[in-house]
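As structure tokens, the structure follows; a few thoughts come after it.
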Amino acid sequence: MITILIPVYNEAHGISLLLDRLNSALASEKLAKYSFEYLFVNDGSKDETYEVIKKAVESETKSARRISYINLSRNFGKEIAMIAGIDNVKSDAVVIIDADLQDPPELIEDMIELWEQGYQDVYAKRISRKGESFMKKFTSKCYYRVLQKSTSIPIQIDTGDFRLLDRKCLDALRDIRETGRNTKALFSWIGYKKKEITYERDARSVGNSKLNYKQLINLALDGIMSFTIFPLRISFILGFIVSLVSFAWAIFIVAKTLIWSTAGSGYASMITMILFLGGLQLLSIGILGEYIGRIFIETKQRPLYYIEEIHHVQTED
Ligand code: UDP
Ligand code: MG
């Protein structure tokens, strides 16, 4: 049994298209020995997503019942929607896929083949992205590179959440209960036998990206801050360098005054130094603050999400 996990937020217009593509992709003969479950995690959609899913469930014939869904109590974001799904599957493997058909369902067959060969985390790496702005591609590229440079754990570059996860990976992900989740980083962190397949990322089938720039920047910052303490180290190193340089500079000024008795003048250089140091200090305090804020949020130990309604094909039968 393999679960196709689909986090959805305001995707009412894309779902039937997605189901068609999935159905035909999974109808392949090689996959006949598996039974599939589509698990929609409705992440507090404000449009008709819920009704569309419900309709799809109702129109299923009894013999081919395969759609499950989880209705979250509000919009928690894709990261939380994914763990809500993972928490509630009992299958042998899960394939996480976006609802907007940017991840081609046809790849699932290849993923399963690699899974049969013993790989536990088969992820899809995009070699091109259609229909996305230059800025988005560029910022995403920078982000992955920075994340990689700031940690010793190998990060899968240009890889999204589209992947097949074995039961062992699912158990590992279930163990991690941090609120500030960056699932991409977690996939790397848990380890296990990974294998990549490459694909060309399509443009969205319908609608716009549900993630705006603010969310993307937050996600990126979260990713780095919740994954490494590298920024703290940068502020430490900067502080160290600045103190060294200022010490040398101070000795130079004292010597200059003693030897040539030229009293230092220079309001301009002074104010520059003060502002520069003030800026550095504020930056360091800001970085500290980011981490303290994270500690604050994590110490509350709130549940990650609340489920309003859950419908399972397995338990219904
Ligand atoms: N999504 C979600 N909750 C959110 C935002 C997005 O479950 O708060 C889902 C969305 O419905 C889609 C997937 O996450 O299935 C990826 O979202 P999107 O296509 O907007 O992101 P992008 O492809 O631009 O990174
Ligand atoms: Mg998308």
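We count ligands from 1, going down the list as the structure has it; atoms in each ligand are counted the same way. We're numbering straight along the sequence, starting at 1. Keep in mind it's a predicted model, so treat the numbers as computed, not measured.
The hydrophobic clustering, which links ILVMFWY residues whose side-chain heavy atoms are closer than 4.5 Å, places Val52 and Tyr38 together. Leu165 and Leu304 fall within the same hydrophobic cluster, defined by Ile, Leu, Val, Met, Phe, Trp and Tyr side-chain heavy atoms under 4.5 Å apart, directly or through other members.
Taking 4.5 Å as the limit, every side-chain heavy atom of Asp166 sits out of range of all side-chain heavy atoms of Leu170.
Residue-level proximity to ligand 1 for Asp43 is carried by the side chain, the only part with a heavy atom below 4.0 angstrom. Contact annotation: for Glu11 versus ligand 1, heavy atoms closer than 4.0 Å belong to the side chain alone.
Close approach of ligand 1 to Asn75 is summarised as follows: ligand atoms under 4.0 Å from at least one heavy atom of the residue are 3 (N), 4 (C), 8 (O). Under a 4.0 Å criterion applied to the non-hydrogen atoms of Asp98, ligand 1 contributes the atoms 13 (C), 15 (O), 16 (C), 23 (O).
Polar contact with ligand 1: present for Pro7 (N/O pair, distance under 3.5 Å). The shortest N or O to N or O distance between Ala81 and ligand 1 is not under 3.5 Å.
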After noting the C-alpha distance and the side-chain angles of Glu11 and Asn42, does the key distance pass the side-chain contact (heavy atoms from CB on, under 4.5 Å) rule?
CA-CA 9 Å; Glu11 303 279 6; Asn42 179 20; over 6 Å; no

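Cation-pi contact between Arg74 and Tyr306: absent, since separation from the ring centre below 6.0 Å together with deviation from the ring axis within 45° is not met.
Geometry at the Mg ion (ligand 2): OE1/Gln102 and OD2/Asp100 form an angle of 100°, nearest 10 degrees.
The aromatic rings of Tyr34 and Trp115 sit tilted, their planes meeting at an angle between 30° and 60°.
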